[in-house]
Amino acid sequence: MLLVNTIRENFEQVLEGLQKRNFPHAEAALHQVLELDKKRKETQTERDNLQAESNSIAKEIGMLMKSGKKEEAEKIKSRTSEIKSQVKLLEDAYNNIEEDLKQILYTLPNVPHYSVPKGKSADDNEIVLEHGSIPELHADKLPHWELIKKYDIIDFDLGVKIAGAGFPVYKGRGARLQRALINFFLDEAMKAGYIEVQPPILVNEDSGYGTGQLPDKEGQMYEATADKLYLIPTAEVPITNMYRDVILNEAEFPIKNVGYTPCFRREAGSWGAHVRGLNRLHQFDKVEIVQIVHPDRSYDALEDMSSYVQGLLQKLELPYRVLRLCGGDMGFTSALTYDMEVYSAAQERWLEVSSVSNFETYQANRLKLRFKGEDKKTQLAHTLNGSALALPRIVASILENNQTEDGIKMPKVLVPYLGFDMI
RNA sequence: AGAGGAGUGGCAGAGUGGUCGAUUGCGGCGGUCUUGAAAACCGUUGUACCGCGAGGUACCGGGGGUUCGAAUCCCUCCUCCUCUGCCA
């Protein structure tokens, strides 16, 4: 969440940022934050003073008791009841104010980076670059949902039977392709200096709040209600939360983690024309990269991650483009996001396969993720993450783009992992 | 899952109602000594909030309670250890 200090010191800038996101009533909300914070401080001062008085009386009584002056001690005791009830009142007031403040702050999205374009929807995103050429296929080309049937590599009906729509069963060479991609992505990340982790795929409430899935987006996560746990929508949640309530040493930067996990998304109400086949699922596989860095370095790290992801797409020989998301299309917690989209030649559409974001201190503030610098001061770190990569749409575009009359050609880099070069 | 035990500062480990944010040791940082280093000695060493500052407040697993006063007593939750049970 946003820092109150930032709102106070850079009011105009924050306001502009929220407006870029088309956040309604931004100015009123920001004023309310400042007002509540002011009230919070006043209440704290008042409460602390009374508490100090109460503490000193308690000490006095302690001394009197020790020196055996019980009657005097009893006399003083009567003075405390009034202070005590007042402290209680102020304490409650303080807690209420703080809670109200937190509630408003939770509703405020991150302030976009200055380079983020204005805009309302995906149509306003800025195309940063395009790479690769779009393959020309025969007129009888098939979309991937036909291809998977033709070659019997992914079975949606079977998934429906055992779980429901959006839970495909990968079979034979389809399953092998999944495993190959996961291994390829993990190996590449390790070469790039990321430390692999295998986190839990169920997380508690604190973790949900830490990375910003809660309180807003409960509906997007599957819940194990009996144990108050959530199935992760992305490995970002467990991996970033490893660093919740942590004070790092500046020397430990940059922290680079990679993890493969299944991801679960309820995607309630979002089924429609463009979500056939692998385009949108309730369960899918993803390899995620996370970086925790010094605030001065976070935009370099973002560019780093962006070119790393592009490198993967190049190795997979997929045509792609990079978008800088506009204010209206950006995720709630992000300051700057690049989306990578691959071209799926039979659907004749661009498909998002990665989203790389810098959250600056937005997540770190919730996570209490700090570091101690050379000057011995603790300050918030910057967090970043990106998909590297999400599998289903990669699979969709590999299948569609590489289809031939003799079968589907596999990208060269995957052949050692697959043990075959054609499906 | 049942019975018992335990959770204290970076780590180890005292403290069972009063002046304890907390003895001590190790580690870390600074210094003295030394050509340099080690050893020894001296000092220093948590986080957050409020305050220009002096200083104040809170935190001894989390939350709640008793008390003038809680690390210490009570309730509850979490975690870990031991034994029993179950299980990949």
Side-chain angles (χ1 to χ4, degrees), chain A residues 1-9 33-105 198-210 214-215 224-230 238 241-253 255 262 361 363-381:
Chain A
M1 62 190 158
L2 296 178
L3 291 149
V4 178
N5 281 346
T6 310
I7 295 174
R8 191 169 35 241
E9 284 156 27
V33 166
L34 294 184
E35 215 164 286
L36 278 169
D37 189 56
K38 194 176 156 210
K39 229 163 103 188
R40 196 198 98 241
K41 288 179 183 180
E42 289 165 359
T43 311
Q44 181 180 341
T45 304
E46 211 177 327
R47 182 201 64 187
D48 284 359
N49 288 342
L50 269 169
Q51 191 64 256
E53 193 178 339
S54 163
N55 285 348
S56 80
I57 290 171
K59 271 184 192 168
E60 213 178 311
I61 291 172
M63 303 233 253
L64 289 170
M65 297 290 266
K66 225 168 197 182
S67 51
K69 298 173 183 166
K70 280 198 177 167
E71 286 133 49
E72 275 184 59
E74 285 302 323
K75 252 187 234 171
I76 298 175
K77 268 194 204 180
S78 62
R79 270 165 54 197
T80 60
S81 68
E82 197 188 333
I83 293 175
K84 235 189 126 185
S85 60
Q86 265 187 64
V87 168
K88 177 88 181 130
L89 282 175
L90 284 165
E91 185 73 40
D92 290 345
Y94 182 87
N95 290 339
N96 287 335
I97 292 167
E98 208 179 27
E99 186 57 34
D100 291 348
L101 183 57
K102 213 166 70 180
Q103 286 310 320
I104 297 179
L105 287 172
Q198 285 194 28
I201 58 175
L202 282 152
V203 295
N204 58 28
E205 220 179 3
D206 285 346
S207 297
Y209 277 97
L214 297 174
T225 48
D227 298 288
K228 283 192 193 151
L229 295 171
Y230 298 86
N241 270 283
M242 296 196 301
Y243 302 94
R244 172 153 46 84
D245 280 316
V246 166
I247 299 179
L248 294 160
N249 223 308
E250 191 174 342
E252 295 175 75
F253 286 146
I255 297 214
T361 59
Q363 285 184 333
N365 187 28
R366 283 201 192 182
L367 291 161
K368 294 198 177 68
L369 165 48
R370 292 161 294 174
F371 71 96
K372 204 170 273 201
E374 281 170 9
D375 54 359
K376 306 266 178 184
K377 279 186 185 161
T378 52
Q379 54 175 315
L380 293 170

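Just so it is clear, the model here is predicted, and its values are computed rather than measured. Side chains included, hydrogens not; waters and symmetry mates left out as well; all remaining heavy atoms used. Below, read A as the first sequence line, B as the second, and so on, with proteins coming before strands; counting in each chain starts at 1.
Comparing B:A3 with B:A14, their P atoms are spaced 28 Å from each other, to the whole Å. Atom C1' of B:C11 sits at a distance of 30 Å from the matching atom of B:G18, rounded to the whole Å. A gap of 13 Å separates the C1' atoms of B:U24 and B:G9, to the nearest Å. For the C1' atoms, the distance from B:C68 to B:C77 is 29 Å, rounded to whole Å. Straight-line distance between the P atoms of B:G55 and B:U16: roughly 31 Å, to the nearest whole Å.
Backbone-only engagement by A:Lys372 is indicated by non-hydrogen atom pairs under 4.0 Å involving sugar-phosphate atoms exclusively. Within the nucleic acid shown, A:Ile61 comes within 4.0 Å of at least one base atom, counting heavy atoms only. Residue contacts for A:Thr378: at a heavy-atom cut-off of 4.0 Å it reaches the sugar-phosphate backbone alone, with no base atom in range. Looking at heavy-atom distances under 4.0 Å, A:Gln51 makes contact with sugar-phosphate atoms alone, never a base. In this structure, A:Lys77 reaches the bases: a heavy-atom distance under 4.0 Å links it to at least one base atom across the strands shown. Within the 4.0 angstrom heavy-atom criterion, only backbone atoms of the sugar-phosphate kind lie near A:Asn55; the bases stay farther away.
Residues satisfying the side-chain contact (heavy atoms from CB on, under 4.5 Å) criterion with A:Thr378, sequence neighbours excluded, are A:Ile247, A:Lys372. Partners of A:Arg40 by salt bridge (charged side-chain N to carboxylate O under 4.0 Å, His left out), not counting sequence neighbours, listed by chain and number: A:Asp37. Listed by chain and residue number, A:Glu74 satisfy the salt bridge (charged side-chain N to carboxylate O under 4.0 Å, His left out) test with A:Lys77 (two or more places apart in sequence, or in another chain).
A nucleotide of RNA chain B counts as in contact with chain A when one of its atoms lies under 4.0 Å from a heavy atom; the first and last such, 5' to 3', are B:G18 to B:G69.
Note on residues 82-97 of chain A: pairs passing salt bridge (Lys or Arg N to Asp or Glu O under 4.0 Å), not counting sequence neighbours, are A:Arg47-A:Glu91, A:Lys88-A:Asp92.
Closest of all the heavy-atom pairs between A:Ala381 and A:Ala364 is O-CB, 3.1 Å. Heavy atoms only, all atoms of each residue included: A:Ile201 and A:Pro262 are closest at CG2-CD, 4.0 Å. Of all the heavy atoms in A:Val246 and A:Met242, the pair that sits closest is CG2-O, 4.0 Å. Residue A:Arg366 comes nearest to A:Gly210 through the heavy atom pair CB-O, 3.6 Å, listed as atom of the first residue, atom of the second, then distance.
Taking a pair as Watson-Crick or G-U wobble with both distances under 3.5 Å, the runs of three or more consecutive pairs in RNA chain B are B:1-7 with B:78-84, B:10-12 with B:24-26, B:27-32 with B:40-45, B:46-50 with B:55-59, B:61-65 with B:73-77.
Judged by distance alone, the side chains of A:Thr45 and A:Asp48 never bring a donor and an acceptor atom under 3.5 Å apart.
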